[in-house]
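Within every chain, numbering begins at 1; the chains are lettered A, B, ... in the order of the sequence lines, protein sequences first and strands thereafter. Note that these values count all heavy atoms, side chains included, but never hydrogens, waters or copies made by symmetry. Predicted, not measured: the structure shown is a model, and the values here were computed from it.
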Number of protein chains: 2
Amino acid sequence: MSRIEKPADSDPARNALRTGKPTLKTIAEITGLAITTVSRALGNAPQISETTRRRVHEVAAEIGYLPDRAAQRLKTGRTNVVSVLLDPHEEILGFGTSIMHGLARALQGTAYHLIVTPNFLDGSNVDAVNYIIRNGMADGLIFSRTEPFDPRVRLLLENGFPFVTHGRTEFSIPHAFVDYDNFAFAYAATRRLIVKGRRKVTIILPPRRLTFYQHMLHGFMTAVREAGAAYEIPEALDLDSPADMIRDYVRRRSAEPDPPDGFACPGEVSALATITGMSDRGLSLGGEYDIVAKQTSRLLSQIQPKVETIYEDLTAAGEAMGRLLLKRIGGEPIEDLTILQSPQLSFPTP
Amino acid sequence: MSRIEKPADSDPARNALRTGKPTLKTIAEITGLAITTVSRALGNAPQISETTRRRVHEVAAEIGYLPDRAAQRLKTGRTNVVSVLLDPHEEILGFGTSIMHGLARALQGTAYHLIVTPNFLDGSNVDAVNYIIRNGMADGLIFSRTEPFDPRVRLLLENGFPFVTHGRTEFSIPHAFVDYDNFAFAYAATRRLIVKGRRKVTIILPPRRLTFYQHMLHGFMTAVREAGAAYEIPEALDLDSPADMIRDYVRRRSAEPDPPDGFACPGEVSALATITGMSDRGLSLGGEYDIVAKQTSRLLSQIQPKVETIYEDLTAAGEAMGRLLLKRIGGEPIEDLTILQSPQLSFPTP
DNA sequence: GAGCCAATTTAAAACGTTGTAAATTTGCGG
DNA sequence: CCGCAAATTTACAACGTTTTAAATTGGCTC
């Protein structure tokens, strides 16, 4: 344990300062230990004596050592990276923001970095997934807007690559997911409109290919049937339609016979577009018609307090997804790696 | 060039398939060349014969070789990564989206990956910059919302780290930037309101600490003074204020004596909030008051076509920033690495 | 103090790539 | 067919880390 025979000359330390990059070697030279030992000590390996463990940690902290991620990655094959696949559609109005907020929180304090892979690259989302798998760009993947037989999910399952989706699928093999109970949302929203005495309700549904289209439709229809209420469902329109298309549709429809006067809007943009379309006809929110909207940011209720909203806490979803993914990467079995969020009545307190 | 003596047994290829990861070694074994040669050939080094160069490329393509980024990074010290620092404030309503779209386009076809470092991590943006520099997490950095003496810029300049900002600073040392001519925007917007015959104009300014606060103020004041128009500037409010605060302010102010009837809104959220605040008082856009807004997405004009808008093409800005950064990383001098975008009258065609 | 086990430390190899320097082949004049 | 330069290919050593297997130390018993 004598650390005097090696003069521990100040070269390494000074050197580390000059090149700005202390490595295990630097610490080894300073402490007079072997590189292996230093590595072990920092990794809190069991066979290292408490004294050296402490000393190594001290020195490491002192010279500001940070492990070289490239080297770790090369050696271990693990990237310590979690990647989020962002779909253009979910980026508007801060979907990405909230989810990523939660993810960042879940990854806080772990060795994992969060990397956003924007989907714009070129082709479909599947290409991006393929690229990430084959290039070993990440240890785990997170994405949303699943389809019942989502090709990304299939690809990941086939390759045994850890992932968590936001949204369910209908594969027989289970996988980790976090989802919002859109059935419950649609049911509650429609119910509220009916209870308010609205004559005829309608809903703007997600694109048909997405899994939650069915959930949403089912919730809406259940509420409608229970109450024996009148309803209609716009065919040429979905949640991804541009705002002007939604606005124009609402405006046009409201001038035709027997228009709906209760709108379930599972998105803030669609709610705003609906308001504008109706007010173009001189119809006023809360007067001639009502809206119950799903709200994922504070924006809508801030601007238009008269819109009734039901919250989806995307930050919580992100945090949950992050935690599930870490477990999944750690090799935990899929069971219990699924979460269904219930709709919330008030804005989540951060 | 005979490639028969080494039986080129199918082991390496099969092996590569099994582990899923062809390396230089795999190609070397298949072609019977040395690893170094393969590396050279793929790098299109001059001293490689055309025949082997071609052959190596063929094989590489065939087995789907992709260089291991971790190894490259470890060896060369270059990460081939460009990082975007996202500030929470710019993420709402797709700022991040548009800029990243442009960035992705600029990086298309290069070896560079785009990585988004969300700022939520914990502390200030400066910490994130520091972390990236010290950890060598990227070869270049992009961020926005600069202050006149932005600490991030100072840090990066001190370390000679390549970066491009969205927004200018007042440092004496020049640096690469892309900025929007906010003076021109504010001037034009105010001018339009005055020309429309508005009695009293106002503007919602950015937070004081940001560089473009001055530009914006200056443009507004220039138009006001030229025309000798009446004006006012809300003190307790800025572009980052929550929408309800802006809405409430507008509503309150419009009930007091001598309220403004021309609003320059350098942001879409502030424009929406203003509309709501005014319509709560029964005042109608284009009638009792007008708005000229800065528009960075298609959302606002889709929902409210009556708002006059002046466009800022953030996608183009992103693309420009990407290109500048690549040049900067390549060691080009700063001169000519600055771009000032002019306001645009119509939505940019993609 | 020899012998032995456990505790602790170490040397050496490897991950996949690139840079340096040296080796091999080729072409060509004599 | 030798010699010699140019053209082409090669071996070897890194980059910083972890892993495997081996070496060293210390503490004990006899």
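Side-chain contact, A:Thr36 with A:Ser39: no donor N or O sits under 3.5 Å from an acceptor N or O. Checked by atom type, the side-chain pair A:Arg69/A:His113 shows a donor-acceptor distance below 3.5 Å. There is a side-chain donor-acceptor pair under 3.5 Å between A:Asp139 and A:Thr79.
For D:dT17, neither phosphate oxygen OP1 nor OP2 lies less than 4.0 angstrom from any side-chain nitrogen or oxygen of A:Ser39. Contact annotation: B:Ser49 reaches the phosphate of D:dT9 (side-chain N/O to OP1 or OP2, under 4.0 Å). Close to C:dC15, at under 4.0 Å from its OP1 or OP2, lies no side-chain N or O of B:Thr23. Checking the phosphate oxygens (OP1, OP2) of C:dT17, no side-chain nitrogen or oxygen of B:Thr76 falls inside 4.0 Å.
Per the geometry, CD belonging to B:Glu50 stands 13 Å off C1' belonging to D:dT8, to the nearest Å. One interatomic measurement links the two molecules: CD1 of A:Ile48 to P of D:dT25, which rounds to 16 Å at whole-angstrom precision. Atom pair A:Arg55:CZ and C:dT9:P shows a separation of 13 Å (rounding to whole Å applied). One can place CG of B:Leu33 at 20 Å from P of D:dA7, the figure rounded to the nearest angstrom. Here the P atom of nucleotide C:dG16 and the CD1 atom of B:Ile27 are 13 Å apart, to the nearest Å. As rounded to whole Å, 17 Å separates atom P of C:dG16 from atom CZ of B:Arg69. Distance CD1 (A:Ile35) to P (C:dA14): 17 Å, rounded to an integer number of Å. In this structure, CG of B:Leu24 is placed 13 Å from P of D:dT10, rounded to the nearest angstrom.
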Atom pairs, N/O to N/O, protein against nucleotides 12-14 of chain D, distance under 3.5 Å?
unit_1	atom_1	unit_2	atom_2	d
D:dC12	N4	B:Thr36	OG1	3.4

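In this structure, CG on B:Asn125 lies 9.5 Å from CD on B:Glu147, to the nearest 0.5 angstrom. Taken to the nearest 0.5 Å, the CD1 atom of B:Ile133 stands 7.5 Å off from the CG atom of B:Leu141.
Of the two residues contacting DNA chain C, namely A:Thr37 and B:Leu66, the nearest-nucleotide position lying further toward the 5' end is that of A:Thr37. Position along DNA chain D of the nearest nucleotide to B:Gln47 versus A:Gln47 favours B:Gln47 as the more 5'-ward residue.
In summary, A:Glu319 and A:Arg323 engage in a salt bridge, as defined by a charged side-chain N under 4.0 Å from a carboxylate O.
Relative orientation of the A:Phe171 and A:Phe149 rings is perpendicular, given thresholds of 30° and 60° on the angle between their planes.
Under the 4.5 Å side-chain criterion, counting only non-hydrogen atoms from C-beta, A:Val82 is in contact with A:Ile329.
Comparing C:dG16, D:dT19, C:dT18 by their nearest atom to the side chain of B:Gln72 picks out C:dT18.
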Taking only distance into account, with no hydrogens and no angle test, what donor-acceptor pairs under 3.5 Å do side-chain atoms of residues 70-78 of chain A form with protein atoms, sequence neighbours excluded?
unit_1	atom_1	unit_2	atom_2	d
A:Thr76	OG1	A:Gln72	O	2.7
A:Thr76	OG1	A:Arg78	N	3.1

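A donor and an acceptor atom sit less than 3.5 Å apart, one in the side chain of A:Arg40 and one in the base of C:dT10.
When each of A:Thr146, A:Leu337, A:Thr165 is tested with A:Phe177 by the rule side-chain contact (heavy atoms from CB on, under 4.5 Å), just one qualifies, namely A:Thr165.
Each end of the helix from C:dG1-D:dC30 to C:dG30-D:dC1 gets its own axis, taken as the rotation carrying the C1' atoms of four end pairs onto the next four within a five-pair window, and the two axes meet at 70° to the nearest 10 degrees.
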